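Any value given below was found using the heavy atoms of this structure, including those in side chains, with hydrogens, waters and symmetry copies removed. Bear in mind that the values here come from a model prediction, so they are computed numbers and not experimental data. Numbering of residues begins at 1 and proceeds along the displayed sequence.
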Amino acid sequence: MTVKVLKNYIDGKWVEAAQGESLEVHNPATAEVLARVPLSPPADVSEVVEAASAALMEWRQTPAVSRIQYLFKLKNLLEENFEGLSRTITMENGKTLAESRGEMRRAIENVEVACGIPALMQSEFSEDIAPGIDEYMIRQPLGVVAIIAPFNFPGMIPFWFLPYALAVGNTVIVKPSERCPITMQKVFRILDEIGLPAGVLNLVNGGAETVNALLDHPDIKAVSFVGSTPVARHVYSRGARNGKRVQAQGGAKNPLVVMSDADIEMTTRIVADSAFGNAGQRCLAASTAIIVGDARDVFVQSIVEAARQRVVGYGLEDGVTMGPVITPESRARILGLIQQGVDDGADLLVGGREIQIAGYPDGNFLRPTILKDLPLTSEVAKTEIFGPVLALIHADTLDGAIELVNQGQYGNMACIFTSNGGAARKFRYAVQAGNVGINIGVAAPMAFFPFSGWKDSFFGTLHGQARHAVEFYTQTKVVVERWDEKWSRQF
Ligand code: NAD
């Protein structure tokens, strides 16, 4: 059987990438080769930027109320194709079908919020800042913008940016992860149906070389990036060096604090879902549970039980609650980190091994894993594992727990489980993290809030989603205006 080679979508047409390297895209559960993805060289990037630049002026002049009509059509088509897109995510990424559906729901919510652009884009006006003089601010689009996405949410993450960038009047280039590029291929088939003018929205597949060509291209005005911290740092500095506006969301190592007054049954369910959902490959995955005071014994017991009960398998099958990790290399890296944690003194309470799933001998499956008393000096306590591994550590007091949270290099998310409002407030006030959960284990902001992130989890000022996205994708023009009646002819 011949394997399909994915195409780029440039200037309203599906085109083959210029000759060069390509990679296989595997189903992480079955190891089946689903497609080949081209690693588009700089020549393709030049072509796509040219198309987006040519489409810019007409798109910018299209009234915002007309631009959002395309988004209404898109919302309807995404709903019609919801199940098919969700299945594609599971096939190329490995997460369960329920998780893929949750992801697509979040994508659609961003389209819905961006339908409000005519109001979101409105600006400010002050009359009589001096006698007869008015001052106002206009938001204008930036030009051609690029979106660079990671593998772990191939359907949702481009939508943190794409609907807003388009609706405010920019033309857009999306570069999906080369590890999960098929979902965007399908999304672009839908986008092809909504009748946007050619060149307004474009897709270019590729890897690091493609990203660097986007970062170096003088006609790209802004870059939105989500991925690991080393690459986020690279994208932020290279893009900024080239004079671009950049927002770069990076990696994470998320701590959750469990107080002794927490509802242990609920907390266990939520923490297990945070740590093992999406096989731990979420930027908002719980990585460390800091157990305060005498919650220790009961929580340790219940979370180990929850890890044991997780059903590992192919995400398209009923009853499966955890899929594989993305690649065999990723699985090997995660197993290596677990072993290093044990060598450094942690107790392996559950998991820590591969698991064979009947019918899927080549899948990248792992067992949910819990490492108790992982020493804080261990590199594993600081490294983003990005797999289904939860470390348990102990703190005597809430202050001690907050200190541990704030020692971390990352600041993507921090959560507390408690029934004490005072403890919750203190935590919310003091923790150095952009997304905070109170009795919530995956504090993912809805589409009408920014997807925040601090410290090494984010480089930039304005985040994705809603008003932040509108501000990121527009530049402000301030006009001071004097009109004098005596200049006017008599009516
Ligand atoms: P990654 O950094 O490997 O890749 C992200 C993108 O960068 C891809 O499109 C890839 O092609 C490109 N890329 C990779 N290496 C590059 C290089 N050397 N130079 C230029 N471009 C390069 O990330 P990933 O493994 O696909 O995704 C997982 C990571 O993303 C995790 O660290 C996770 O925490 C993070 N993430 C963060 C958020 C957030 O909101 N902060 C959300 C989702 C994922």
Side-chain angles (χ1 to χ4, degrees), residues 6-18 20 37-60 67 70 74 110 114 141-150 154-155 157-178 180-181 183-192 194 196-227 231 235-236 238-239 242-249 464 469 472-474:
L6 302 182
K7 291 189 174 169
N8 295 333
Y9 182 82
I10 301 179
D11 207 18
K13 293 183 281 292
W14 288 101
V15 291
E16 280 171 20
V37 59
L39 299 180
S40 304
D44 290 317
V45 170
S46 299
E47 194 185 332
V48 76
V49 177
E50 216 170 283
S53 303
L56 185 62
M57 196 43 80
E58 196 184 324
W59 182 242
R60 188 201 143 170
R67 290 197 297 256
Y70 296 97
L74 176 59
N110 275 286
L142 297 175
V144 179
V145 303
I147 297 164
I148 299 162
I157 286 179
F159 281 92
W160 287 354
F161 310 107
L162 182 159
Y164 307 99
L166 270 187
V168 298
N170 297 295
T171 54
V172 180
I173 300 166
V174 179
K175 205 296 288 171
S177 165
E178 64 277 35
C180 290
T183 304
M184 271 303 116
Q185 195 89 175
K186 295 207 167 167
V187 164
F188 268 74
R189 277 192 217 146
I190 292 169
L191 286 162
D192 188 51
I194 67 175
L196 279 167
V200 167
L201 190 52
N202 307 274
L203 175 74
V204 65
N205 287 289
E209 191 193 11
T210 320
V211 171
N212 289 336
L214 291 166
L215 293 172
D216 292 344
H217 200 294
D219 294 338
I220 291 182
K221 300 301 172 204
V223 174
S224 300
F225 171 88
V226 182
V231 183
V235 166
Y236 189 68
R238 189 153 170 170
N242 287 325
K244 298 183 199 318
R245 192 178 281 201
V246 185
Q247 51 182 189
Q249 313 226 173
F472 181 78
Y473 289 126
T474 54

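Of the possible donor and acceptor atoms, none in the side chain of Asp44 sits under 3.5 Å from a partner among the backbone N and O of Ala17. For Ser40 (side chain) and Asn205 (main-chain N/O), a donor-acceptor pair under 3.5 Å exists by modelled atom type. Panel note: side chain Lys175, backbone Ala146; no donor-acceptor pair is recorded below 3.5 Å. Judged by distance alone, with hydrogens and angles left aside, the side-chain atoms of Asn212 form no donor-acceptor pair with the main-chain N or O of Glu209 at under 3.5 Å. Proximity of a side-chain donor or acceptor of Asn170 to a complementary backbone N or O of Val144 within less than 3.5 Å is not detected.
At least one side-chain heavy atom of Trp59 sits less than 4.5 Å from a side-chain heavy atom of Leu166. Within the 4.5 Å cutoff, side-chain heavy atoms of Pro176 are placed close to those of Leu203. When side chains are defined from C-beta on, Val45 does not count as touching Ile173, because their heavy atoms never get closer than 4.5 Å. In this structure, the side chains of Ser224 and Val145 stay at 4.5 Å or more apart for every pair of heavy atoms. Here the side chains of Phe161 and Val226 are in contact, with some heavy-atom distance below 4.5 Å. Using a 4.5 Å heavy-atom threshold, the side chains of Lys7 and Gln185 count as touching. Considering only heavy atoms from C-beta on, Val235 comes within 4.5 Å of Val223 through its side chain. In this structure the side chain of Val187 reaches within 4.5 angstrom of the side chain of Phe159, judged on heavy atoms.
When all heavy atoms are compared, the tightest approach of Ala55 to Ala198 is CB-O, 3.4 Å. Annotation for Phe472 and Arg245: closest pair O-NH1, 2.8 Å, computed over non-hydrogen atoms. Closest approach of Ala469 to Gly464, counting heavy atoms only: CB-C, 4.4 Å. Counting all heavy atoms, side chain and backbone alike, Val172 lies closest to Ala165 at CG2-CB, 3.8 Å. Smallest separation of non-hydrogen atoms from Ile10 and Ala51: CG2-CB, 3.9 Å. Gly207 and Leu39 make their closest contact through N-CD2, 3.7 Å (heavy atoms, listed as atom of the first residue, atom of the second, distance).
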(message) Set out, in order, the CA-CA distance, both residues' side-chain angles and the distance that settles side-chain contact (heavy atoms from CB on, under 4.5 Å) for Tyr9 and Arg189, then state yes or no.
(response) CA-CA 9 Å; Tyr9 182 82; Arg189 277 192 217 146; over 6 Å; no

(request) Could you go through the side-chain contact (heavy atoms from CB on, under 4.5 Å) check for Phe225 and Val211 one step at a time? (result) CA-CA 10 Å; Phe225 171 88; Val211 171; 5.6 Å; no

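Separation of atoms CD (Glu50) and CG (Asn202) is listed at 11.5 Å; rounding is to 0.5 Å. Once rounded to the nearest 0.5 Å, the distance linking CE of Met184 with CG of Leu162 reads 7.0 Å. The distance from atom CZ of Arg238 to atom CG of Leu214, rounded to the nearest 0.5 Å, is 10.5 Å. Distance check: Asn8 CG to Lys13 NZ gives 13.0 Å after rounding to the nearest 0.5 Å. Here Lys186 contributes atom NZ and Leu6 contributes atom CG; the two are 10.5 Å apart, rounded to the nearest 0.5 Å. Interatomic distance, CG of Leu191 versus OH of Tyr70, reported as 12.5 Å (0.5 Å rounding).
Ring pair Tyr473/Tyr164: centre-to-centre distance not below 6.0 Å.
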